[in-house]
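Scroll down for the structure; my scribbles are underneath it.
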Amino acid sequence: MSLVNKKTRPKMLNEASLKGRRGYLPPLSDVPPTTAESLIPSAYRRQTPLNLPELSEMEVTRHFSALAQRSFGVDQGFYPLGSCTMKYNPKFLETLPRLAGLQDLHPLQDESQLQGALAIIDLAEKIFTAITGMDAFTLQPAAGAHGELTGMLILKAALKDRGEADRDLILIPDSAHGTNPASAALAGFQVQKIPSTEAGIIEPEALKPYLTPRVAGLMLTNPNTLGLFEEHIREITQLVHQIGGEVYYDGANLNAIMGWARPGDMGFDLVHLNLHKTFATPHGGGGPGSGPLGVKAHLAPYLPIPRVITTGEGYRWDYNRPRSIGKVKGFWGHFAVIIKALAYILQLGFTGLQQVSADAVLAANYLQTLLKEDYHLPYDRTCMHEFVLSGLKDNPAGVRTLDLAKALLDYGVHPPTIYFPLIVNEALMIEPTESVTLNLLDSFVVTMKELAAKAKADPEKLKEAPYTTPVRRLNETEAARHPILRW
Ligand SMILES: *Cc1c(COP(=O)(O)O)cnc(C)c1O
């Protein structure tokens with residue numbers, strides 16, 4: 001019998017333990033046991049034996065395989081988690097960092113033996129520069145938020161050099177991702193929130209009152225987290241530049257505009273990318289992530305060291321950058337992730353990247369058009385790669401977005417992002433990505449319409465969902481405050 005039943009909690013390995021059961025018997029050590037013991041003073045030795053479970057190899061394998069089947073990811077089903085760009089990650093890419101010539105490298109090897117790796121880093125930097133319209137890139141940051149922090153530290157250093165350290169304010173729209181204000185604050189800036197208009201974007205007139213001499217810069221996501229393109233972007237970046245500020249582009253979700261528009265051309269001075277969103281490398285537990293940061297030429301001297309440069313004899317690491325903010329990550333950043341992202345880009349080519357963005361936008365607009373029949377669409381405009389609904393339209397029983405999200409679990413769909421952005425009541429933020437089929441989009445629409453019908457026919461049942469998951473609805477506050485991580 002499996003140790004893990006779909007419906008009940010998995011048995012812990014020590015509950016299944018049977019005295020004397022073994023998996024693997026290593027050969028007996030030929031070092032006399034007293035030798036090891038005599039080397040370690042008794043104060044540092046374990047006094048009581050460890051209570052380890054005793055199991056066969058097969059039992060352990062099945063235990064962990066069954067647990068793995070309980071987790072949900074992009075390989076299991078639809079994952080329209082807005083702002084997270086949960087696209088499918090081609091498996092082919094996983095084989096590339098494992099090629100012996102790459103996998104067996106050590107970052108402390110002599111540069112002469114690392115020419116291929118340095119060429120990969122140099123090429124990736126050049127390609128990101130071209131895609132975004134910036135002048136230079138660093139691949140060191142480990143994730144999107146880390147790219148933001150690196151950018152804010154660069155801005156801080158540049159202001160200090162200019163004798164403008166008293167510029168201490170970063171402007172951030174109220175629809176922004178939470179990492180934006182966090183990164184600005186961590187770098188020592190104050191944060192000023194800018195209200196979006198009824199159209200869900202930033203209007204130059206609404207921005208003007210905030211443009212004081214204290215402003216160091218503006219952080220903006222475009223398209224913003226409502227999935228809307230900031231159509232006044234050129235005017236906005238000009239206004240900020242006029243008062244001596246810099247403009248930061250949060251490019252986590254560049255798959256909305258890749259190959260169609262470039263942050264550099266919109267007037268941005270800094271931009272980070274999320275390779276684990278836009279460029280098809282895994283997120284979270286399957287990561288690690290990577291958040292390269294690009295800058296315009298006037299900020300390039302501040303980029304983290306070392307920088308790859310080319311000399312007559314090939315590629316070399318350059319540490320001689322007196323204005324650099326220093327290192328932000330060990331060695332070269334997440335090199336394996338960069339290899340995968342670069343291969344993805346080279347495989348698609350420029351027109352392929354354009355197609356990615358076109359398909360991501362098309363899929364989102366397809367869903368938006370069909371779902372707005374049953375759900376509130378507060379900003380009813382053509383969207384980019386995602387859109388935000390505001391709960392059910394016809395909803396006498398007060399079914400909440402949380403209830404809908406929980407009910408989706410019974411359909412094998414990962415719920416959209418909920419209650420974000422904060423400016424939308426009962427928000428449901430949906431991002432299908434380009435890697436969906438039309439059938440999948442249609443079946444999601446059917447599911448969402450079925451939920452809308454159930455919300456009217458039997459709302460109480462919906463409020464108790466989910467029914468088929470290993471655990472039912474959790475008290476989320478309790479679970480976050482007092483997690484039970486073992487039993
Ligand atoms: C995901 C995301 C981030 C943060 O990226 P991490 O890699 O999770 O640190 C920042 N901004 C936006 C718009 C995002 O979607």
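Keep in mind it's a predicted model, so treat the numbers as computed, not measured. The analysis underlying the following values was restricted to heavy atoms, covering all of them including side chains, and did not include hydrogens, waters or symmetry mates. Indexing begins at 1, ligand by ligand and atom by atom, following the structure's order.
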Next item on the list: Answer with yes or no after comparing the ring centroid distance for Phe128 and Phe279 against a 6.0 Å cut-off, counting only values under it.
Entry: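 Phe128 vs Phe279: aromatic centres under 6.0 Å.
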Note to self: Once you restrict to heavy atoms under 4.0 Å, what part of Ala252 touches ligand 1? Side chain, backbone, both or neither.
What the structure shows: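 Just the side chain.
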Next item on the list: Report the part of Thr85 (side chain from C-beta onward, or backbone N, CA, C, O) that has a heavy atom under 4.0 Å from ligand 1; answer both or neither where that applies.
Entry: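 Neither part.
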Give the residue, atom name and distance (to 0.1 Å) of the protein heavy atom nearest [atom].
atom	answer
atom 14 (C) of ligand 1	Lys277 NZ, 2.9 Å
atom 7 (O) of ligand 1	His276 NE2, 2.6 Å
atom 6 (P) of ligand 1	Gly144 N, 3.5 Å
atom 9 (O) of ligand 1	Ala145 N, 2.8 Å
atom 11 (N) of ligand 1	Asp250 OD2, 2.5 Å
atom 5 (O) of ligand 1	Asn274 ND2, 3.1 Å

Checklist line | Residues which pass side chain to side chain contact (heavy atoms under 4.5 Å, CB included) with Trp260, listed by chain and number, not counting sequence neighbours | finding: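 Side chain to side chain contact (heavy atoms under 4.5 Å, CB included) check on Trp260 returns Gln354, Ser357, Ala358.
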Check: Looking at residues at least two apart in the chain, or sitting in another chain, which of them share a side chain to side chain contact (heavy atoms under 4.5 Å, CB included) with Leu362?
Finding: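 So Leu362 forms no side chain to side chain contact (heavy atoms under 4.5 Å, CB included) with any residue.
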Check: Take atom CD in Glu198; do more than 12 heavy atoms of anything else shown fall under 6.0 Å from it?
Finding: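 It does not: Glu198 CD has 12 such atoms or fewer within range.
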Notebook entry, point to check: Is the count of non-hydrogen atoms from other residues, nucleotides or ligands lying under 6.0 Å from Lys372 atom NZ greater than 12?
Noted result: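 For Lys372, atom NZ is crowded (more than 12 foreign heavy atoms under 6.0 Å).
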Note to self: Tell me whether His283 reaches ligand 1 (any heavy atom closer than 4.0 angstrom to a ligand atom).
What the structure shows: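 No.
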Next item on the list: May I ask you to check if ligand 1 and Thr221 share an N or O to N or O distance below 3.5 Å?
Entry: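 Checking ligand 1 against Thr221, no N or O pair falls under 3.5 Å apart.
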Margin query: Within the structure provided, determine whether Ile127 and Leu346 are in side-chain contact (heavy-atom separation under 4.5 Å).
Written below: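 The answer is yes; the side chains approach within 4.5 Å.
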Next item on the list: Run the numbers for me: atoms of ligand 1, each under 4.0 Å from some heavy atom of Glu148, listed by number.
Entry: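 Contacts of ligand 1 toward Glu148, numbered from 1: 10 (C), 11 (N).
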Next item on the list: For Ala143, take its heavy atoms, then give the atoms of ligand 1 lying under 4.0 Å from any of them.
Entry: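 It comes down to these atoms of ligand 1: 7 (O), 9 (O).
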